Amino acid sequence: MPMPSTVRSHTAPRILRASGVVPGGFDRAASTMALGPLLEEFGVDLASILAESGLPAGLFDHPDNLIPYRDSSRLLDLCAARTGCAHLGLLIGNATSMDALGIVAELTRFSADVRSALLMLCRFLTLSDGGGQLALSETPRHASFSYMIYEPGIDDIRIVTDIVLAESCNALRELCGDTWSPTEVRFSYRPPVDLQPYVDTFNAPLRFDVEQSAVVFDRHWLDQALASTNAVKLKTIVAQARALEARETGDLVAQVRRILRRRLLLGNVSMQRVASELGMHRRSLDRKLQAHDATFKGLSDEVRHEVARHLLINTDMPIQSIAHSLQYADSSAFNIAFRRWSGTTPTRWRHSNRVSPAGH
């Protein structure tokens with residue numbers, strides 16, 4: 001993996017800066033650059049919050065500066081507490097345009113149509129985000145543009161989820177035009193105490209306590225041609241993006257985890273599919289994972305455990321529904337697996353780790 005460059009800070013020994021694929025477990029500062037101005041509106045000083053969090057003062061001086069996903073989550077939680085604003089993530093997302101994606105925004109805008117643009121965004125998101133991923137799925141009537149966090153250990157995902165869903169709506173409105181609107185917005189966490197900011201932001205039906213956070217909209221929008229399409233520029237920038245990826249020797253285990261997280265909730269997990277997505281034979285994948293002291297089954301179990309933890313902590317989904325989303329035959333099989341992972345039942349674990357709704 002090409003090492004991120006280092007930028008000196010006045011209060012910390014260094015700030016890492018992205019120079020290609022964002023390393024696993026990190027995010028670019030670009031996605032939350034609106035945080036500072038928003039805090040000013042609430043009379044809260046960003047510098048003091050960063051110091052309290054043990055983060056460098058210059059963290060938001062450049063959009064390519066990197067922040068560990070866990071530190072970012074902790075920082076956002078602290079900012080929400082200091083401002084008393086439980087919907088801070090919506091405000092950040094509303095104030096963030098697609099430009100925050102850097103080269104990925106160019107890939108998106110120069111695509112032929114909305115479907116191609118969203119698939120480009122999903123395909124190259126690792127050039128902007130090293131802790132989550134996007135997925136596009138379709139039914140005969142609707143399209144679903146979803147986001148999932150694959151970085152382990154992020155328990156309270158509400159603020160990050162709000163940011164991404166609001167940013168996704170901004171991106172879709174830019175691509176489709178001002179007449180675009182979602183038919184539904186889904187949140188993989190419990191309903192907040194105050195729903196009005198969500199109603200005002202999305203102006204669409206809201207569903208909470210679901211397995212996957214997503215913006216849902218009429219499928220016909222996917223076929224809309226983009227006024228900004230440019231095949232020549234797209235070819236050039238795709239080549240640049242692939243060159244950046246080629247510099248990434250990468251962490252194979254992290255790549256497999258990322259693919260497993262997405263395929264698990266899309267319902268099509270298999271070693272053959274994961275190997276194909278990585279451009280190798282399943283035997284090659286098996287051999288390379290062994291070289292990293294890992295197995296496909298072991299990683300699959302880890303990802304299932306992480307998703308189970310997230311759904312148990314953040315939602316009130318019935319145990320049977322969680323078992324189904326993780327592709328277990330029934331809740332009994334899920335109970336057995338979860339007890340093996342955690343030493344207790346899902347119900348008892350949820351009781352001890354439950355996150356209260358935002359605003360409590």
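Bear in mind the structure is a predicted one, so any value in this text is a computation, not a measurement. The figures that follow rest on heavy atoms only: side chains count, while hydrogens, waters and symmetry mates do not.
- In this structure, the side chains of Val307 and Arg261 come closer than 4.5 Å at one or more pairs of heavy atoms.
- Looking at residues two or more places apart in sequence or on another chain, you find a side-chain contact (heavy atoms from CB on, under 4.5 Å) between Ala166 and Asn94.
- Not one N or O on the side chain of Asp129 forms a donor-acceptor pair closer than 3.5 Å with the backbone of Leu125.
- By the salt bridge (charged side-chain N to carboxylate O under 4.0 Å, His left out) test, Arg207 pairs with Glu184, sequence neighbours left out.
- With hydrogens and angles ignored, the 3.5 Å screen pairs no side-chain donor or acceptor of Thr201 with any backbone N or O of Tyr198.
- Rounding to the nearest 0.5 Å gives a distance of 11.0 Å between NE2 of His351 and OG1 of Thr345.
- Counting non-hydrogen atoms of other residues, nucleotides and ligands closer than 6.0 Å to CD of Gln240 gives a total above 12.
- Note that CZ of Arg283 is 14.0 Å distant from NZ of Lys288, once rounded to the nearest 0.5 Å.
- Here the straight-line distance linking atom CZ of Phe296 with atom CG of Leu289 works out to 8.5 Å at 0.5 Å rounding.
- Under the salt bridge (charged side-chain N to carboxylate O under 4.0 Å, His left out) criterion, Asp156 pairs with Arg158, not counting sequence neighbours.
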Would you give me the side-chain donor-acceptor pairs under 3.5 Å for residues 49-56, sequence neighbours excluded?
unit_1	atom_1	unit_2	atom_2	d
Glu52	OE1	Arg82	NH2	3.0
Glu52	OE2	Arg82	NH2	2.3
Ser53	OG	Ile49	O	2.9

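- Atom CG of Asp301 is separated from atom CG of Leu260 by 10.5 Å, given to the nearest 0.5 angstrom.
- Judged as a salt bridge (charged side-chain N to carboxylate O under 4.0 Å, His left out), the pairs with a partner in residues 216-230 (not counting sequence neighbours) are, in order, Arg115-Asp223, Glu138-Arg219.
- Judged by distance alone, the side chain of Ser31 and the main-chain N or O of Arg28 form a donor-acceptor pair under 3.5 Å.
- With respect to the salt-bridge test (charged N to carboxylate O, under 4.0 angstrom), the residues Glu245 and Arg242 do not qualify.
- For the atom pair CG of Asp209 and OH of Tyr189, the computed distance is 10.5 Å after rounding to the nearest 0.5 Å.
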Taking it one step at a time, do Phe110 and Leu226 satisfy side-chain contact (heavy atoms from CB on, under 4.5 Å)?
CA-CA 8 Å; Phe110 292 144; Leu226 298 185; over 6 Å; no
Side chains of residues 335-343: which donor-acceptor partners sit under 3.5 Å, not counting sequence neighbours?
unit_1	atom_1	unit_2	atom_2	d
Asn335	ND2	Ser331	O	3.2
Ser342	OG	His305	NE2	3.0

Take Leu88 and Asp162, measure what side-chain contact (heavy atoms from CB on, under 4.5 Å) needs, and give me the verdict at the end.
CA-CA 8 Å; Leu88 183 65; Asp162 288 353; over 6 Å; no
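- Residue pairs meeting the salt bridge (charged side-chain N to carboxylate O under 4.0 Å, His left out) criterion with at least one member in residues 316-326, sequence neighbours excluded, are Arg190-Asp316, Asp316-Arg354.
- Residues passing the side chain to side chain donor-acceptor pair (under 3.5 Å) test with Glu106: none are found, sequence neighbours excluded.
- Between the side chains of Asp286 and Gln290, at least one donor N or O sits under 3.5 Å from an acceptor N or O.
- Applying the salt bridge (charged side-chain N to carboxylate O under 4.0 Å, His left out) rule to pairs touching residues 170-180 yields Arg109-Glu174, sequence neighbours excluded.
- Relative to the ring axis of Tyr328, Arg304 places its NZ or CZ within 45° and under 6.0 Å from the centre.
- Partners of Gln196 according to the side chain to side chain donor-acceptor pair (under 3.5 Å) rule, which considers only residues two or more places apart in sequence or in another chain, are Asp200.
- Under the salt bridge (charged side-chain N to carboxylate O under 4.0 Å, His left out) criterion, no residue pair touches residues 319-336, with sequence neighbours excluded.
- For residues 56-102, no residue pair satisfies the ring pair (Phe, Tyr, Trp, His ring centres under 6.0 Å) rule, not counting sequence neighbours.
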